[in-house]
Amino acid sequence: MADDSSSSAPTKTEKKSWADEESDEEVPSPADPPLVGSKDVEQSELNKIESLSISEDKCKDDKIESLSISEDKGKDDKIESLSISEDKGKDDKIESLSISEDKGKNEDEDRDGGDGLLENPEDTDIKAVTTGESVYSSALRFEDLNLSKDLLKGIYTEMRFHRPSKIQAISLPMILTPPYKDLVAQAHNGSGKTTCFVLGMLSRVDPNKKLPQAMCICPTRELAQQNQAVLLKMGRFTGITSFLAIPADSANYVPISKLPPVTDQVVIGTPGTIKKWTSARKLSTREIKILVFDEADHMLAEDGFRDDSLRIMKEIQSSSTAGCQVLLFSATFNDAVKAFALRVVKNGNQLFVKKEELTLDKVKQYKVYCPDELAKIEVIKDKIFEFGQKVGQTIIFAHTRNTAKMLHQTLSKDGYECTAVQGALSQEYRDKIIKEFKDGLTKVLITTDLLARGFDQAQVNLVINFDLPVKYDFPSEPDYEVYLHRIGRTGRFGRKGAAFNLMFSDRDRMIMEKIERHFNHTIPEVGDWQSEEDFEKALKDAGWRMMKSMGELGCGE
DNA sequence: AAAAAAG
């Protein structure tokens, strides 16, 4: 299972100067040296927080400090302000600091190569809470992290990263500095979370020990596969192997009892299969030092994978000799799950994005009222499909497998080229469809919430909600987290993205209103679902040029 | 009724 197939296909050249996730790579050009320390980095406006090491001030009373620093950086004045506020519990010390970076508005040109694709993905507030004595300073460069030579080589030559993204700069020291504390970390969709925990796993593993030492649990098989691909790529020169614990294709099913025990050092998989392997005693957990929950809020949600997750965690904690570091990563943590997560990792460090910051204004969102379902389909066919194809790739989300299937059949029948994936299909077929989409062979993919989370494909510029995401025990309530994750499939790492929400009932209107209120963000409506001009206006407002000049857009091919 | 899982 630990094969070396790095599934990422080099697709296109895009300039970027910070770390990103797997499929976001540039075309390899070995002549290119890593750019850390070069001019490219110096003029970047990011991560000037490296000098910020927090020392603890032990006054008896709660105390809030705020300081602001402004720096003149030459050509474009950038001002950073950071405020540090300290809250003290009764006797345990907790620090919380929030770092906000305000930037001038004219620094983009030299970074994004003029294609207008990259904006400021890092322009966010992250609130950090650390516990205990540890003092962390943000990592400006990957060199600051004491990584092995082999790992650094993978980062630069395979991943082609230049320097840590913001979430990486802050979280990696927390993950990698002993004593290894647990961490709950929230960061925006497409900001490079995968790299954080993959690096964490790779650097905690002893390549000479041939048994599992790190584990990553994911909500879907597709995500497990994607994460494994990232890990294999980043860790290519380390010799570390990995085991993908997802259900075997029914065609070549072999009972676990007949299979050899796992000797790979990193296990990545879905909860059920991991449980199966451990309870069959074919997957040893006694030396697992780091346990990662990707999409952790869902993994710990009551209606998600809470039971499985807790069981696996307990199993590891009770069998592991040296103790196991737990990392919880997600873009979303609603209050209920957040509270639960903080009970699960009581003495850990925390990184949270301010709630107001969470809505992705980088993704332009629209709503379209349609009189009936047929009209929704016509909107996709006549107003969005062709545009989406030209501009990049499109994902259409439907609420059920059946709707996804129906939509796929309806569109295909009329000659609209698209594919569909959902959980009822065979694993082999799912893999094939995903691969075709990741390779850019297909442009429009219809799916369920199977792909709502984590699916990373930089070329997705358009998301369509054919159905709005609702809670299933309470269908008049929107599922805010799923909404955020769905639209987060586009606008990855600061690229341009747009999302269309198709509505056809009063209930849908209500749901959209609730979504707008929740994120405190007005979503403009495309006035008339039949009006070409209304859609063009929306797309133009989203930053896309019109059809005729599409060739210059520079984002499709 | 998304997702994961079952032998």
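The sequence lines fix the lettering, A, B, ..., with proteins before strands; numbering per chain opens at 1.
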Nearest-Å distance for atom pair CD1/P, residues Ile246(A) and dA4(B): 9 Å
Nearest-neighbour nucleotide for the Pro247(A) side chain, dA3(B), dA4(B), dA5(B) considered: dA5(B)
Sugar-phosphate only, base, or nothing, as touched by Pro271(A) at under 4.0 Å among non-hydrogen atoms: nothing
With sequence neighbours excluded, residues passing side chain to side chain contact (heavy atoms under 4.5 Å, CB included) with Thr273(A): Ala245(A), Pro247(A), Thr270(A), Trp277(A)
Side chain of Tyr253(A) (C-beta onward), nearest among dG7(B), dA5(B), dA3(B): dG7(B)
Nearest-Å distance for atom pair CG/C1', residues Leu425(A) and dA4(B): 15 Å
dA4(B) phosphate, OP1 or OP2, under 4.0 Å from Thr273(A) side-chain N/O: no
Separation of atom NZ in Lys275(A) from atom P in dG7(B), rounded to whole Å: 12 Å
Ion pair Asp449(A)/Arg401(A), N-O distance below 4.0 Å: no
Arg221(A) side chain near dA4(B) phosphate (N/O to OP1/OP2, under 4.0 Å): yes
Distance below 4.0 Å between Thr448(A) side-chain N/O and dA3(B) OP1 or OP2: yes
Sugar-phosphate, base or nothing in reach of Arg430(A), heavy atoms under 4.0 Å: sugar-phosphate
Touch class at under 4.0 angstrom, heavy-atom based, for His298(A) against every strand present: base
Least distance between heavy atoms, Gln365(A) atom then Pro524(A) atom: O-CD, 3.3 Å
Atom-to-atom span, CG of Asp249(A) to P of dA5(B) - whole angstrom: 12 Å
Nucleotide dA1(B), atom C1' - distance to CG of Asp473(A) in whole Å: 12 Å
Whether Phe305(A) and His298(A) hold their rings parallel, tilted or perpendicular, with breakpoints at 30° and 60°: perpendicular
Selection from dA5(B), dA1(B), dA3(B) that lies nearest to any side-chain heavy atom of Thr400(A): dA1(B)
Whole-Å distance separating the CZ atom of Arg486(A) from the C1' atom of dA3(B): 13 Å
Integer-rounded Å distance: dA4(B) P and Glu295(A) CD: 13 Å
Ring pair (Phe, Tyr, Trp, His ring centres under 6.0 Å) against Tyr416(A), all qualifying residues, sequence neighbours excluded: Phe385(A)
Phosphate OP1/OP2 of dA5(B): any Thr270(A) side-chain N/O under 4.0 Å: yes
Nearest-Å distance for atom pair CZ/P, residues Phe293(A) and dA4(B): 17 Å
